[in-house]
Participant: 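So that we are looking at the same thing, I have put the structure below in structure tokens.
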Amino acid sequence: MRYLSEKETDEACLLIKNGELVGIPTETVYGLGANGLNPSAVEKIFVAKGRPQDNPLILHLGESEWMARYCVEIPSVAWVLAERFWPGPLTLILKRNELVPNCVTAGLDTVGVRCPDHPVCREILRKVDLPIAAPSGNTSGKPSPTSPRRMGEDMEGKISAIVDGGACTVGVESTILDLTQNPPCILRVGGVTREELETVLSLREDGSCSSEEAPKAPGMKYRHYAPNAAMTLVVGEYEGSSLYIKERLSKGDGVLCFEECASRFSGGYVVSIGKENHFTEQGRTVFEGLRSFDDTDVSRIWAQCPREEGIGAAVCNRLRKAAETVVFVNKKGEMI
Ligand code: TXA
Ligand code: MG
């Protein structure tokens, strides 16, 4: 596996055109990219990631106009959303046309599309002039990679190259919005917040798709984002969660916490995800924080949970999925 610099996009395009797998930088997380119109290239993605076949992939587009190349019955709100949020961390679920291979969509008649906001990725998309199918560049079940090095840890020996576009600036994956349902609903919270979406359209009252509703984002049913050590997520105001963790912390445990609490956990292997009210910083750092525990020999991890505000909602969602146990505490650190 080669690391390509951001000047070597021609090389990356050639590999993609030849049906090879290439790690691509996006503003959310690194993606495991292949020519999205070539079924045998797309099938390699599932092998490299160890991904279940029933979990569809997102197509990355170079321009909003490409939506019309691969989607049908596009509602006008899709163009409004594209105008407002693309390039950016928003994936739209739309009806697909016959150009999109079945293996991309896991047989669904819909497809997820987004224009990523990373200059290197956009350059590659424009040069190949093909939609790039790409899931997050981790082994299935592990935290998503936000740097080429982390992607390399999972993909060494399995893919041709990774293009180094630096650290991801958003750090959590795109928000997935299902426009085939009326009213539209959020399948996965992510880099574009519910509050931002609601400036453009009315979402279903609770915002998300109810659990009986099909199809949900199939990927959301799998255990995800988990570091090797078992993690307990402590939900509640940070004074309370600090007390709860401090009382139970053993020497050598890992702690994922807000910056202002870091000094309270002496004896632990402490990783800060940024200030308690700095949600974008938490988004940028959460996956790297989770992965950094795998470089240590901690056998358990305690984590504080951000408030579900702005990008904090996405960070909280990822931490819940990464956790083996979730506890809720009051201000005094007592379980509720
Ligand atoms: O930010 C992102 O979205 C990153 C970067 C690389 O673009 N990609 C990403 O892909 O997170 P992945 O495969 O790790 O997650 C895509 C999610 C999965 O949960 C999948 O089930 C869902 O999107 N999905 C894809 N196509 C869908 C469809 N047609 N209907 C419902 N859910 C879909
Ligand atoms: Mg993923």
Side-chain angles (χ1 to χ4, degrees), residues 21-34 36 42 45-46 48-61 70-71 85-96 100-118 120-122 124-125 131-146 150-151 154 162-163 165 168-181 184-192 208-209 213-226 283 287 290 311 314 317-318 321-322:
L21 299 184
V22 178
I24 52 167
T26 85
E27 79 283 26
T28 59
V29 301
Y30 271 73
L32 176 52
V42 170
I45 293 177
F46 290 86
K49 254 188 93 90
R51 180 172 174 112
Q53 298 282 342
D54 67 349
N55 194 358
L57 305 174
I58 294 170
L59 283 184
H60 295 75
L61 312 179
Y70 310 109
C71 303
F85 297 108
W86 283 357
L90 177 66
T91 295
L92 302 177
I93 304 292
L94 293 164
K95 282 259 165 61
R96 65 160 168 134
V100 181
N102 271 318
C103 54
V104 168
T105 69
L108 298 173
D109 61 358
T110 57
V111 64
V113 290
R114 90 170 182 104
C115 283
D117 186 17
H118 188 294
V120 178
C121 187
R122 299 194 73 198
I124 293 171
L125 282 162
I132 296 182
S136 51
N138 52 287
T139 300
S140 238
K142 297 242 280 169
S144 303
T146 52
R150 291 298 186 190
M151 182 163 178
D154 284 11
I162 299 177
V163 182
C168 301
T169 52
V170 175
V172 288
E173 301 90 338
S174 60
T175 299
I176 303 181
L177 182 67
D178 190 345
L179 292 181
T180 67
Q181 302 199 42
C185 56
I186 295 174
L187 294 176
R188 177 177 75 183
V189 291
V192 169
S208 304
C209 302
E213 206 79 34
K216 299 259 292 169
M220 299 307 275
K221 70 179 182 233
Y222 297 105
R223 183 167 157 77
H224 224 315
Y225 313 119
F287 283 136
L290 287 173
I311 303 246
N317 168 277
R318 305 310 188 261
K321 285 179 189 293

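Whatever order the structure lists them in is the order used to number ligands and atoms, beginning at 1. FYI, side chains are in, hydrogens and waters are out, and symmetry mates aren't considered; it's all heavy atoms of this structure.
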Participant: Sum up the protein N, O or S atoms located under 2.8 Å from the Mg ion (ligand 2).
Facilitator: 1
Participant: Under a 4.0 angstrom heavy-atom cut-off, which atoms of ligand 1 come close to Asn55?
Facilitator: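 The atoms of ligand 1 under 4.0 Å from a heavy atom of Asn55 are 18 (C), 20 (C), 21 (O).
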Participant: Given Arg96 and Asp109, is the salt bridge (Lys or Arg N to Asp or Glu O under 4.0 Å) satisfied, shown in steps?
Facilitator: CA-CA 6 Å; Arg96 65 160 168 134; Asp109 61 358; over 6 Å; no
Participant: What are the atoms of ligand 1, with element, lying closer than 4.0 Å to any heavy atom of Leu108?
Facilitator: 28 (C), 29 (N), 30 (N)
Participant: Sub-3.5 Å donor-acceptor pair from the side chain of Lys49 to the main-chain atoms of Ser136, do we have one?
Facilitator: yes
Participant: For ligand 1, which atoms sit closer than 4.0 Å to a heavy atom of Thr110?
Facilitator: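 Answer for ligand 1: 28 (C), 29 (N), 30 (N).
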Participant: Is there a heavy atom of Arg51 sitting under 4.0 angstrom from any atom of ligand 1?
Facilitator: yes
Participant: Which of the numbered atoms in ligand 1 are below 4.0 angstrom from a heavy atom of His60?
Facilitator: 5 (C), 6 (C), 7 (O)
Participant: Would you check whether Lys49 has a nitrogen or oxygen atom less than 3.5 angstrom from a nitrogen or oxygen atom of ligand 1?
Facilitator: no
Participant: Is there a side chain to side chain contact (heavy atoms under 4.5 Å, CB included) between Val111 and Lys95 once you walk through the steps?
Facilitator: CA-CA 6 Å; Val111 64; Lys95 282 259 165 61; over 6 Å; no
Participant: Return the option from Cys168, Ser140, Gly191, Ser136 holding the heavy atom at the smallest distance from atom 9 (C) of ligand 1.
Facilitator: Ser136
Participant: Please round to the nearest 0.5 Å and tell me the distance separating atom CG of Leu177 and atom CG of Leu94.
Facilitator: 9.0 Å
Participant: Less than 4.5 Å apart, side chain to side chain, heavy atoms only: is that true for Leu59 and Val104?
Facilitator: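 SC-SC contact between Leu59 and Val104 confirmed.
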Participant: Is a side-chain donor or acceptor of Arg51 paired with a backbone partner of Asn55 at a separation under 3.5 angstrom?
Facilitator: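 Yes: the side chain of Arg51 pairs with the backbone of Asn55.
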Participant: Out of all atoms in ligand 1, which are within 4.0 Å of some heavy atom of Gly31? Include the element for each.
Facilitator: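 What qualifies from ligand 1 is 6 (C).
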Participant: Just which atoms of ligand 1 are under 4.0 Å from any heavy atom in Ser174?
Facilitator: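 Answer, ordered by atom number: 1 (O), 2 (C), 3 (O).
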Participant: Looking at Ser144 and Val29, would you say the former's side chain and the latter's main chain have a donor-acceptor pair under 3.5 Å?
Facilitator: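 No; judged by distance alone, with no hydrogens or angles, the pair does not exist.
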Participant: Please work out, at 4.0 Å between heavy atoms, whether the side chain, the backbone, both, or neither of Asp178 comes within that distance of ligand 1.
Facilitator: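 Neither part.
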Participant: Using a strict cut-off of 4.0 Å, indicate which atoms of ligand 1 neighbour a heavy atom of Thr28.
Facilitator: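 Near Thr28, the atoms of ligand 1 are 1 (O), 2 (C), 4 (C), 5 (C).
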Participant: Ile176 heavy atoms, cut-off 4.0 Å: which ligand 1 atoms fall inside?
Facilitator: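 Those qualifying, in numeric order: 17 (C), 22 (C), 23 (O).
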Participant: Nearest heavy-atom pair of Gly50 and Ser140: which atoms, and what distance?
Facilitator: O-CB, 3.3 Å
Participant: Is the closest N or O pair between Arg114 and ligand 1 shorter than 3.5 Å?
Facilitator: yes
Participant: Yes or no on side chain to side chain contact (heavy atoms under 4.5 Å, CB included) for Val172 and Arg188, after CA distance, side-chain angles and deciding distance?
Facilitator: CA-CA 11 Å; Val172 288; Arg188 177 177 75 183; over 6 Å; no
Participant: Looking at Glu27, is its backbone amide N or carbonyl O close enough to the side chain of His118 to form a donor-acceptor pair, meaning the two atoms are under 3.5 Å apart?
Facilitator: no
Participant: Tell me whether Thr91 contacts the main-chain N or O of Ile176 through its side chain, where contact means a donor paired with an acceptor under 3.5 Å.
Facilitator: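 Here the side-chain-to-backbone pair does not exist.
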Participant: Evaluating non-hydrogen atoms only, which member of Cys121, Pro56, Pro25, Gly107 is closest to atom 26 (N) of ligand 1?
Facilitator: Pro56
Participant: Between Arg114 and Thr28, is a side-chain hydrogen bond (donor to acceptor under 3.5 Å, both in side chains) present by the stated rule, with each step listed?
Facilitator: CA-CA 12 Å; Arg114 90 170 182 104; Thr28 59; 3.1 Å; yes
Participant: Kindly say whether Cys168 contributes a backbone atom to a donor-acceptor pair with the side chain of Tyr30 at under 3.5 angstrom?
Facilitator: no
